[in-house]
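Position 1 is the first residue of the sequence; numbering continues from there. Start at 1 and go down the list; that is how both ligands and their atoms are numbered.
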Amino acid sequence: MIKFLAFPKEFVWGCASSAYQVEGAWNEDGKGSSIWDTFVHKPGHVVNGETGDVAVDHYHRYKEDVALMKELGLDAYRFSIAWSRILPAGTGAINQAGLDFYDRLVDELLKNKIEPYACLFHYDLPQALQDKGGWPNRDTAYAFAEYARVITERLSDRLKVWMTHNEPWVSAMAGYFAGEHAPGIKDVPAAIKALHHLLLSHGLAAEAIRASARQPVMVGITLNLSPVYPASQSKKDRDAASRVDTILNRTTLDPLLKGTSPFQEFAIVKLLSRSLIKPGDLEKIRTLDLLGVNYYARTVVKHDPKFPVVAAAQIHPEGNEYSGMWEIYPEGIYELLTRIWKEYFFPFPAGEGALVKVPEIMVTENGVPVPDGLDFDGRVRDERRIRYLRNHIAQVHRAMDEGVPVRGYFHWSLMDNFEWALGYSQRFGLVYVDFRTQKRTIKDSGQWFTRVIQENGFEY
Ligand code: GCO
């Protein structure tokens with residue numbers, strides 16, 4: 001039976017992006033180098049040797065891009081700020097021209113009645129700080145708080161929603177364990193230290209933002225989360241799924257929402273975490289007005305002793321549709337949202353262990369990379385993306401129906417852009433970008449999204 005899935009009046013519809021993936025202008029107007037600038041300029045790191053030097057030239061075309069957001073009818077835009085534009089050496093001297101850019105962007109958004117959601121860190125650590133050890137060095141967390149203060153002083157008269165980090169787990173694991181992201185390091189203890197310091201820096205920055213903000217603000221964080229399923233119902237596979245869930249999801253959710261660290265559950269990490277987690281750290285980390293959930297795909301695993309510590313391997317089950325990067329599994333977003341709600345928000349209504357304040361929940365990224373392109377008439381008929389969006393947003397609605405108070409949904413991404421180690425090979429946008437000419441074209445999915453925003457729901 002077809003019915004209309006209506007969303008609450010104040011539901012926020014938006015799109016997300018990140019500085020390095022869209023801005024370009026990598027060395028303009030006094031910007032310092034970031035670890036991504038260094039990483040892409042060394043051969044072998046990115047498909048086809050592509051870089052974000054120019055990306056989709058958003059730094060120069062932001063007005064045109066805000067006009068596109070307006071045409072799409074977005075309520076909000078989530079973007080990230082490049083730390084090395086503000087503090088080229090990571091700490092110390094402030095680059096006014098860098099601050100001016102975000103100042104202009106925020107003004108342009110507000111002029112067009114689009115609420116800015118700023119994220120302070122989306123993988124692009126100033127190279128100068130990496131040279132001093134990067135995230136595995138505890139000092140970086142304090143440097144981050146200083147940067148947060150500088151930007152708050154400049155923008156908080158207009159900017160109300162502040163996200164400290166985007167996917168700290170990915171920053172730590174892809175950057176310092178798998179080495180697939182900048183700075184390209186493969187070192188387990190370094191990755192664990194990096195993750196703890198990223199989370200600590202969230203707490204320190206939250207404090208700095210609230211202390212220097214010129215109006216009441218919301219401070220949040222955005223996490224990459226993926227429900228983990230066992231390949232079979234055997235005890236071995238179920239235990240494997242539970243271990244992977246701990247590593248993938250609980251290493252960020254537990255400290256942020258419960259004030260505990262699951263690191264202790266793994267003998268090998270336990271030893272390290274004793275000296276790593278200092279008294280008071282976990283209390284500092286547990287502070288949140290807004291939890292951003294990024295969902296792309298589920299994770300299915302089977303027991304496999306070949307892999308140390310986790311003793312599990314990912315499998316790709318038959319029977320579902322796949323995209324350029326992942327299995328497509330819409331129910332996963334429902335299962336994730338309801339699980340977070342039940343496991344983290346519900347057991348603490350009051351008393352010991354209670355959350356001081358129950359944060360709001362939003363989907364801050366969801367989207368799909370599918371090959372699409374201009375048809376003969378200049379239109380982009382990306383039906384697969386429309387199907388993905390319909391099915392996923394319907395599952396968000398289902399979670400809301402069951403009581404999870406999801407406040408908004410941000411599509412990843414506004415425009416096609418630089419997909420990290422995969423370069424320009426994966427298109428995620430509602431807006432198609434010709435990377436040669438920088439011409440933008442709203443895809444059919446963008447038009448579909450506009451109708452959903454206008455009607456605040458859709459038939460399903
Ligand atoms: C991430 C980031 C985005 C990606 C997107 C698609 O998840 O790594 O937040 O920068 O582009 O998620 O992979």
Do Arg398 and Tyr334 form a cation-pi contact, if we require the NZ or CZ to be under 6.0 Å from the six-membered ring centre and within 45 degrees of the ring's axis? yes
Does ligand 1 have any N/O atom under 3.5 Å from a protein N/O, and what are those pairs and their distances?
residue: ligand 1; atom: 7 (O); partner: Glu167; partner atom: OE1; Å: 2.8
residue: ligand 1; atom: 7 (O); partner: Glu167; partner atom: OE2; Å: 2.7
residue: ligand 1; atom: 8 (O); partner: Tyr123; partner atom: OH; Å: 2.8
residue: ligand 1; atom: 8 (O); partner: Glu167; partner atom: OE1; Å: 3.2
residue: ligand 1; atom: 9 (O); partner: His122; partner atom: NE2; Å: 3.3
residue: ligand 1; atom: 9 (O); partner: Asn166; partner atom: ND2; Å: 3.1
residue: ligand 1; atom: 9 (O); partner: Glu167; partner atom: OE2; Å: 3.4
residue: ligand 1; atom: 9 (O); partner: Glu365; partner atom: OE1; Å: 2.9
residue: ligand 1; atom: 9 (O); partner: Glu365; partner atom: OE2; Å: 2.7
residue: ligand 1; atom: 10 (O); partner: Gln21; partner atom: OE1; Å: 2.7
residue: ligand 1; atom: 10 (O); partner: Gln21; partner atom: NE2; Å: 3.4
residue: ligand 1; atom: 10 (O); partner: His122; partner atom: NE2; Å: 2.8
residue: ligand 1; atom: 10 (O); partner: Trp420; partner atom: NE1; Å: 2.9
residue: ligand 1; atom: 11 (O); partner: Gln21; partner atom: NE2; Å: 2.9
residue: ligand 1; atom: 11 (O); partner: Trp412; partner atom: NE1; Å: 3.3
residue: ligand 1; atom: 11 (O); partner: Glu419; partner atom: OE1; Å: 2.6
residue: ligand 1; atom: 12 (O); partner: Tyr296; partner atom: OH; Å: 2.9
residue: ligand 1; atom: 12 (O); partner: Glu365; partner atom: OE1; Å: 3.0
residue: ligand 1; atom: 13 (O); partner: Glu419; partner atom: OE2; Å: 2.6

Should the pair Trp420 and His181 be assigned to parallel (<30°), tilted (30 to 60°) or perpendicular (>60°) ring geometry? tilted
Over 60° means perpendicular and under 30° means parallel, so classify the ring planes of Trp36 and Phe39, tilted if in between. perpendicular
Would you call Arg384 and Asp372 a salt bridge, using N to O less than 4.0 angstrom? no
Aromatic plane relationship, Phe144 with His165 - under 30° parallel, 30 to 60° tilted, over 60° perpendicular: parallel
Salt bridge (Lys or Arg N to Asp or Glu O under 4.0 Å): which pairs involve residues 12-38, sequence neighbours left out? Glu23-Arg85, Lys31-Asp37
